[in-house]
**Q** 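Have a look at the structure that comes next, please.
Values reported hereafter were calculated over all heavy atoms of this structure, with side chains retained and with hydrogens, waters and symmetry mates removed. Order of appearance sets the numbers: ligands from 1, and atoms from 1 within every ligand.
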Amino acid sequence: MSFKNSHLSSVYETVLKRNANEPEFLQAVEEVLISLEPVVERRPEIEKYGIIERLVEPERLIQFRVPWVDDNGKVQVNRAYRVEFNSAIGPYKGGLRLHSTVTASVIKFLGFEQIFKNALTTLPMGGGKGGSDFDPKGKSDGEIMRFCQSFMTELYRHIGPDTDVPAGDIGVGGREIGFMFGQYKRITNTFTGVLTGKGLPFGGSLFRTEATGYGLCYYAKEMLKNLCNDSFEGKKVVISGSGNVAIYAAKKAIELGAKVIALSDSNGYIYDENGVNIDVVKQIKEVKRGRISEYADKVSCSKYFNDCSKIWTIPCDIALPCATQNELDDNAAKTLIANGVICVAEGANMPCTQAAVLEFLSNKIAFGPGKAANAGGVACSGLEMSQNSMRYSWTFEEVDEKIHNIMKNIFAEGYKASKEYGVAGNMVIGSNIAGFNKVCDAMLAQGIV
Ligand code: NDP
Ligand code: 2IT
């Protein structure tokens with residue numbers, strides 16, 4: 001990829017050299033830097049004070065060993081990371097991912113995106129991310145607990161309620177956060193808001209479970225209204241994944257009058273032309289920790305298909321990729337467009353390849369990038385931090401209303417920036433610029449650190 005701006009071009013060359021074997025990280029950096037070209041041209045202080053050079057290099061990257069004992073008494077060793085990417089506007093903040101595909105590249109791409117996402121929420125949170133190549137699938141509760149305890153036995157020394165506040169991501173939900181919180185409390189003898197996504201009896205926020213999925217639909221609702229003069233009412237929606245984000249995106253889309261016709265996991269997808277029954281999905285995924293294929297056994301008019309990537313061949317009006325990075329490529333994008341999709345909003349982080357995003361944008365499909373569209377989860381985490389600091393808790397309705405307003409504002413700010421820079425409705429460029437400007441101003445004010 002060539003940049004028109006020579007400064008960005010030379011910064012990216014260094015990024016390429018330093019991180020040659022990290023494709024996901026390079027992908028995320030390239031996408032942001034392309035968006036920032038007009039800002040870099042307009043604001044000479046960005047080059048003068050080395051803002052971009054500093055932004056693309058994590059403040060700190062921690063890698064550590066996690067030894068634990070499985071149910072057969074065998075010693076297992078996993079590799080774990082925490083990237084503390086940027087603290088210009090607040091303590092490092094971002095989730096922990098437990099998945100076999102976790103590498104330094106994946107964690108760094110997620111941490112980098114998190115900087116801009118967190119800035120868009122308007123809450124004081126810097127960017128961070130962590131995780132391990134531990135695969136939670138098929139593990140007993142005891143194995144999960146021993147892994148989480150060992151993981152926290154190292155991580156605790158790097159985090160803190162005013163330093164770095166982790167949360168959940170793929171493979172990390174309430175159960176894992178509970179085990180990690182317990183171990184942190186035991187080691188440090190402090191009861192603080194060091195993690196978010198906690199259980200309600202020990203400082204968790206109401207609405208955190210719903211926040212990312214509901215927030216995604218609040219954001220998509222704004223896109224539909226402002227970019228398509230339309231709404232969720234009567235629309236067919238396809239959602240990939242069937243985890244935390246996908247389930248609550250589906251629930252809210254249905255509440256807003258849409259019909260959700262497909263969901264997936266990494267093995268395959270289910271198609272239900274009558275509209276998926278979300279209670280059945282919740283029972284399978286949240287209660288039994290089962291597979292999405294079980295839906296087809298329980299709901300007779302639905303069908304299960306073995307290849308999850310084929311979910312994008314189903315004709316729909318709205319597509320919400322909510323599983324993982326690069327799950328929707330340019331061929332899938334072309335098929336969705338040919339089938340009449342009007343709006344695509346990313347519930348997952350970077351689920352669309354760069355070529356897919358270009359397809360959507362050049363065909364004038366309303367496209368919501370993850371760092372804006374899925375910011376409801378971390379925004380709710382920010383509210384959980386506030387509640388913990390106040391030793392207080394807001395009601396479900398209060399948090400819902402705050403997240404709704406934050407998502408509307410994230411859309412409005414991105415839309416405003418897209419118009420200001422002559423690309424009205426390009427929410428990729430608009431959101432990247434809106435998030436960047438805030439971080440840039442904070443970095444400029446704080447000197448060369
Ligand atoms: P969960 O672990 O709850 O669910 C993940 C879902 O994605 C599962 O259905 C899983 O299927 C599927 N999946 C994971 N990896 C792959 C893969 N390689 N190929 C196909 N499917 C896959 O995670 P979340 O719902 O929390 O996270 C989903 C996405 O949303 C991630 O990209 C995450 O970074 C992002 N996100 C999450 C937020 C949150 O608050 N939780 C906030 C913002 C973004 P299987 O069970 O087969 O692995
Ligand atoms: O990608 C994300 O924004 C998250 N996984 C949520 C992070 C958080 O700190 O709540």
Side-chain angles (χ1 to χ4, degrees), residues 24 90-102 106-107 109-118 120-121 123 125-131 135-138 164-177 193 195-198 204-205 207-216 219 239-250 263-270 281 284-286 289-293 307-309 311 320-328 345-352 369-385 403:
E24 295 86 0
Y92 310 106
K93 180 84 194 87
L96 297 169
R97 177 175 292 191
L98 298 183
H99 196 269
S100 56
T101 56
V102 164
V106 168
I107 296 303
F109 113 67
L110 290 163
F112 182 70
E113 296 256 296
Q114 202 81 41
I115 304 170
F116 308 98
K117 184 194 302 190
N118 293 2
L120 285 169
T121 67
L123 301 172
M125 300 181 289
K129 200 85 189 190
D135 180 4
K137 276 195 206 90
D164 183 356
V165 183
D169 192 80
I170 292 178
V172 176
R175 175 182 59 169
E176 293 74 19
I177 293 292
L195 290 158
T196 60
K198 298 183 292 297
S205 174
F207 196 73
R208 180 63 188 85
T209 307
E210 290 81 1
T212 313
Y214 279 25
L216 175 67
Y219 185 90
I239 303 180
S240 63
S242 49
N244 172 258
V245 180
I247 289 174
Y248 291 93
L263 287 170
S264 63
D265 59 25
S266 54
N267 296 119
Y269 69 90
I270 52 120
V281 177
I284 295 168
K285 299 299 296 186
E286 294 184 341
R289 296 183 187 275
R291 308 300 298 161
I292 200 65
S293 57
D307 179 352
C308 65
S309 67
I311 193 170
L320 304 176
C322 295
T324 195
Q325 64 272 6
N326 293 328
E327 54 160 314
L328 195 166
E346 295 185 322
N349 287 304
M350 209 169 73
C352 299
K371 56 174 93 66
N374 72 35
V378 75
C380 191
S381 282
L383 299 179
E384 183 171 329
M385 289 166 73
I403 296 295

**Q** Indicate, as side chain, backbone, both or neither, the part of T212 found under 4.0 angstrom from ligand 1 when only non-hydrogen atoms are considered.
**A**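 For T212, the contact with ligand 1 is made by the side chain alone.
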**Q** Using a 3.5 Å cut-off on N or O atoms only, is V165 in polar contact with ligand 2?
**A**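 The answer is no, given that V165 and ligand 2 share no N or O pair closer than 3.5 Å.
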**Q** Under 4.0 Å, heavy atoms only, figure out whether ligand 1 is touched by the backbone of R208, its side chain, both or neither.
**A**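 It is the side chain that touches ligand 1; the backbone stays farther off.
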**Q** Report the C-alpha separation of T196 and V165 in whole Å, then their side-chain angles, then the decisive distance to 0.1 Å, and conclude whether the side chain to side chain contact (heavy atoms under 4.5 Å, CB included) test is met.
**A** CA-CA 7 Å; T196 60; V165 183; 3.9 Å; yes
**Q** Can an N or O of N267 be found at a distance shorter than 3.5 Å from an N or O of ligand 1?
**A**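 Such a contact does not occur with ligand 1.
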**Q** Measuring from atom CG of L195 to atom CG of D164, what distance do you get when rounded to the nearest 0.5 angstrom?
**A**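 Going from CG on L195 over to CG on D164, the span is 9.5 Å.
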**Q** Using a strict cut-off of 4.0 Å, indicate which atoms of ligand 2 neighbour a heavy atom of A167.
**A**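 Near A167, meaning under 4.0 Å from one of its heavy atoms, ligand 2 has 8 (C), 9 (O), 10 (O).
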**Q** Can you find a non-hydrogen atom of Q114 under 4.0 Å from ligand 2?
**A**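 Yes, Q114 has heavy atoms under 4.0 Å from ligand 2.
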**Q** Taking all non-hydrogen atoms of both residues into account, name the closest pair between V172 and L98 and its distance.
**A**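 In this case the closest contact between V172 and L98 is CG2-CG, 3.5 Å.
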**Q** Would K137 and S266 satisfy side chain to side chain contact (heavy atoms under 4.5 Å, CB included), going step by step from the backbone distance to the final call?
**A** CA-CA 12 Å; K137 276 195 206 90; S266 54; 4.1 Å; yes
**Q** Identify, for atom 4 (O) of ligand 1, the protein heavy atom at the shortest distance, and state residue, atom and that distance.
**A**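 That would be G243 CA, 3.3 Å.
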**Q** Which heavy atom of the protein is the closest neighbour of atom 37 (C) of ligand 1, given with residue, atom name and distance?
**A**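 Result for atom 37 (C) of ligand 1: V245 CG2, 3.4 Å.
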**Q** Counting each atom of ligand 1 from 1 as listed, which ones have a heavy atom of C322 under 4.0 Å away?
**A**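 Result: 28 (C), 29 (C).
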**Q** Considering only heavy atoms of A348, which atoms of ligand 1 have at least one such atom less than 4.0 Å away?
**A**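 This gives 29 (C), 30 (O), 32 (O), 35 (C) as the contact atoms.
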**Q** When rounded to the nearest 0.5 angstrom, what distance separates CZ in R97 from OG1 in T324?
**A**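 Going from CZ on R97 over to OG1 on T324, the span is 4.5 Å.
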**Q** Which residue supplies the protein heavy atom nearest to atom 10 (O) of ligand 2, what is that atom called, and how far is it?
**A**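 Checking every protein heavy atom, the shortest distance to atom 10 (O) of ligand 2 gives S381 OG, 2.5 Å.
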**Q** Report the member of P351, C308, G171 with the shortest heavy-atom distance to atom 2 (O) of ligand 1.
**A**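 Of the listed residues, G171 has the closest heavy atom.
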**Q** Does some non-hydrogen atom of the protein lie less than 4.0 angstrom from atom 10 (C) of ligand 1?
**A**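 Answer no: nothing from the protein, no heavy atom, is under 4.0 Å.
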**Q** Under the side chain to side chain contact (heavy atoms under 4.5 Å, CB included) criterion, do I284 and I292 qualify, and how do the steps go?
**A** CA-CA 7 Å; I284 295 168; I292 200 65; 5.7 Å; no
**Q** How long is the span from the CD1 atom in I403 to the SG atom in C380, to the nearest 0.5 Å?
**A**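 Nearest 0.5 Å value for the CD1-SG distance: 4.5 Å.
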**Q** Return yes if some donor-acceptor pair links the side-chain N/O of E346 with the main-chain N/O of A373 below 3.5 Å, else return no.
**A**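 Answer holds: no.
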**Q** Just to confirm my output: which protein heavy-atom neighbour is closest to atom 7 (C) of ligand 2, and how far is it?
**A**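 Of the protein heavy atoms, G95 N, 3.5 Å lies nearest.
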**Q** Roughly how far, to the nearest 0.5 Å, is the CD1 atom of I115 from the OH atom of Y92?
**A**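 Nearest 0.5 Å value for the OH-CD1 distance: 10.5 Å.
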**Q** Give the C-alpha distance, both sets of side-chain angles, the deciding distance and a yes or no for side chain to side chain contact (heavy atoms under 4.5 Å, CB included) between K117 and N374.
**A** CA-CA 8 Å; K117 184 194 302 190; N374 72 35; 2.8 Å; yes
**Q** Minimum heavy-atom separation for S242 and I247, please, with both atom names.
**A**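 Smallest heavy-atom distance, with atoms named: O-CD1, 3.5 Å.
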**Q** Taking a cutoff of less than 4.0 Å between a non-hydrogen atom of the residue and any ligand atom, is M350 in contact with ligand 1?
**A**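 No, M350 has no heavy atoms under 4.0 Å from ligand 1.
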**Q** If you have a sec, work out which protein heavy atom is nearest atom 3 (O) of ligand 1 and how many Å separate them, to one decimal?
**A**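 The closest heavy atom on the protein side is N244 N, 2.9 Å.
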**Q** Looking only at N/O atoms, are N374 and ligand 2 under 3.5 Å apart anywhere?
**A**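 No, there is no polar N/O contact under 3.5 Å.
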**Q** Can you report which non-hydrogen protein atom sits closest to atom 33 (C) of ligand 1, along with the distance?
**A**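 I find the closest protein heavy atom is D169 OD1, 3.3 Å.
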**Q** Any atoms of ligand 2 less than 4.0 Å from a non-hydrogen atom of G168? List them with their elements.
**A**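 Listed by number with element, the hits are 4 (C), 5 (N), 6 (C).
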**Q** If the cut-off is 4.0 Å to any non-hydrogen atom of G241, which atoms of ligand 1 fall inside it?
**A**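 Checking each atom against G241, I get 9 (O).
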**Q** Return the minimal non-hydrogen interatomic distance between S264 and C308, and the atom names on each side.
**A**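 Distance-wise, the nearest heavy atoms are CB-CB, 4.4 Å.
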**Q** Please could you name the atoms of ligand 1 that S242 approaches to less than 4.0 Å, counting only its heavy atoms?
**A**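 Every atom of ligand 1 under 4.0 Å from some heavy atom of S242: 9 (O).
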**Q** Would you check whether T101 reaches within less than 4.0 Å of ligand 1, judged by its heavy atoms?
**A**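 No, T101 has no heavy atoms under 4.0 Å from ligand 1.
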**Q** Report yes or no: does K285 contribute a side-chain atom to a donor-acceptor pair with the main-chain N or O of G290 at less than 3.5 Å?
**A**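 Flag set: sc K285 to bb G290 pair under 3.5 Å.
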**Q** Short list, please: which atoms of ligand 2 are under 4.0 Å from a heavy atom of K117?
**A**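 Near K117, meaning under 4.0 Å from one of its heavy atoms, ligand 2 has 1 (O), 2 (C), 3 (O).
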**Q** Which residue supplies the protein heavy atom nearest to atom 18 (N) of ligand 1, what is that atom called, and how far is it?
**A**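 Checked against all protein heavy atoms, atom 18 (N) of ligand 1 sits closest to T324 CG2, 3.5 Å.
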**Q** Check for me whether H99 has a heavy atom closer than 4.0 Å to any atom of ligand 1.
**A**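 The answer is yes: ligand 1 sits under 4.0 Å from a heavy atom of H99.
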**Q** At the 4.0 Å heavy-atom cut-off, does R97 count as touching ligand 1?
**A**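 A heavy atom of R97 does come that close to ligand 1.
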**Q** Taking all non-hydrogen atoms of both residues, which atom of K93 and which atom of N118 are closest, and how far apart?
**A**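 Closest approach of K93 to N118: O-ND2, 3.1 Å.
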**Q** Where does R208 meet ligand 2, judged by heavy-atom distances below 4.0 Å: at the side chain, the backbone, both, or neither?
**A**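 Answer for R208: side chain.
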**Q** Do any N or O atoms from the side chain of E113 and from the backbone of L110 form a donor-acceptor pair under 3.5 angstrom?
**A**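 Checked: no pair found.
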**Q** Need the ligand 2 atom indices (1-based, order shown) with element for anything under 4.0 Å from a heavy-atom of K129.
**A**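 Per the distance check, 1 (O), 2 (C), 4 (C), 5 (N).
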**Q** Enter the distance from E286:CD to T209:OG1 here, rounded to the nearest 0.5 Å.
**A**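 Rounded to the nearest 0.5 Å, the CD-OG1 separation comes out at 7.5 Å.
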**Q** What are the two closest heavy atoms between L216 and C322, and how far apart are they?
**A**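 Reported closest heavy-atom pair: CD2-SG, 3.7 Å.
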**Q** Looking only at heavy atoms, which two atoms of V102 and G131 are closest? And how far apart?
**A**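 Closest approach of V102 to G131, heavy atoms only: CG1-C, 4.1 Å.
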**Q** Nearest protein heavy atom to atom 29 (C) of ligand 1, by residue and atom, and its distance?
**A**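 Going atom by atom, the protein heavy atom closest to atom 29 (C) of ligand 1 ends up being A323 O, 3.2 Å.
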**Q** Could you list which atoms of ligand 1 come closer than 4.0 Å to a heavy atom of R291?
**A**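 In order of numbering, the contacting atoms are 45 (P), 46 (O), 47 (O).
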**Q** Going by heavy-atom distance to atom 20 (C) of ligand 1, choose the closest among A246, S266, A249.
**A**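 Result: the heavy atom closest to atom 20 (C) of ligand 1 is in S266.
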**Q** Please could you name the atoms of ligand 1 that G347 approaches to less than 4.0 Å, counting only its heavy atoms?
**A**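 Under 4.0 Å from G347, ligand 1 has these atoms: 30 (O), 35 (C), 36 (N), 44 (C).
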**Q** Can you pull out the closest protein heavy atom to atom 48 (O) of ligand 1? Residue, atom name and distance to 0.1 Å, please.
**A**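 Answer, as residue, atom name and distance: K137 NZ, 3.1 Å.
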**Q** Given side chains that start at C-beta, do those of S309 and E327 come closer than 4.5 Å, heavy atoms only?
**A**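 No, side chains not in contact.
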**Q** How far is atom 27 (O) of ligand 1 from the closest protein heavy atom, and which atom is that?
**A**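 Atom 27 (O) of ligand 1 sits closest to the protein heavy atom I170 CG1, 3.7 Å.
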**Q** Would you mind listing which atoms of ligand 2 come within a distance below 4.0 Å of any non-hydrogen atom of K93?
**A**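 Near K93, the atoms of ligand 2 are 8 (C), 9 (O).
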**Q** Look up atom CD1 in I170 and atom CG in N244, then write down how far apart they are to the nearest 0.5 Å.
**A**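 Answer rounded to 0.5 Å: 11.0 Å.
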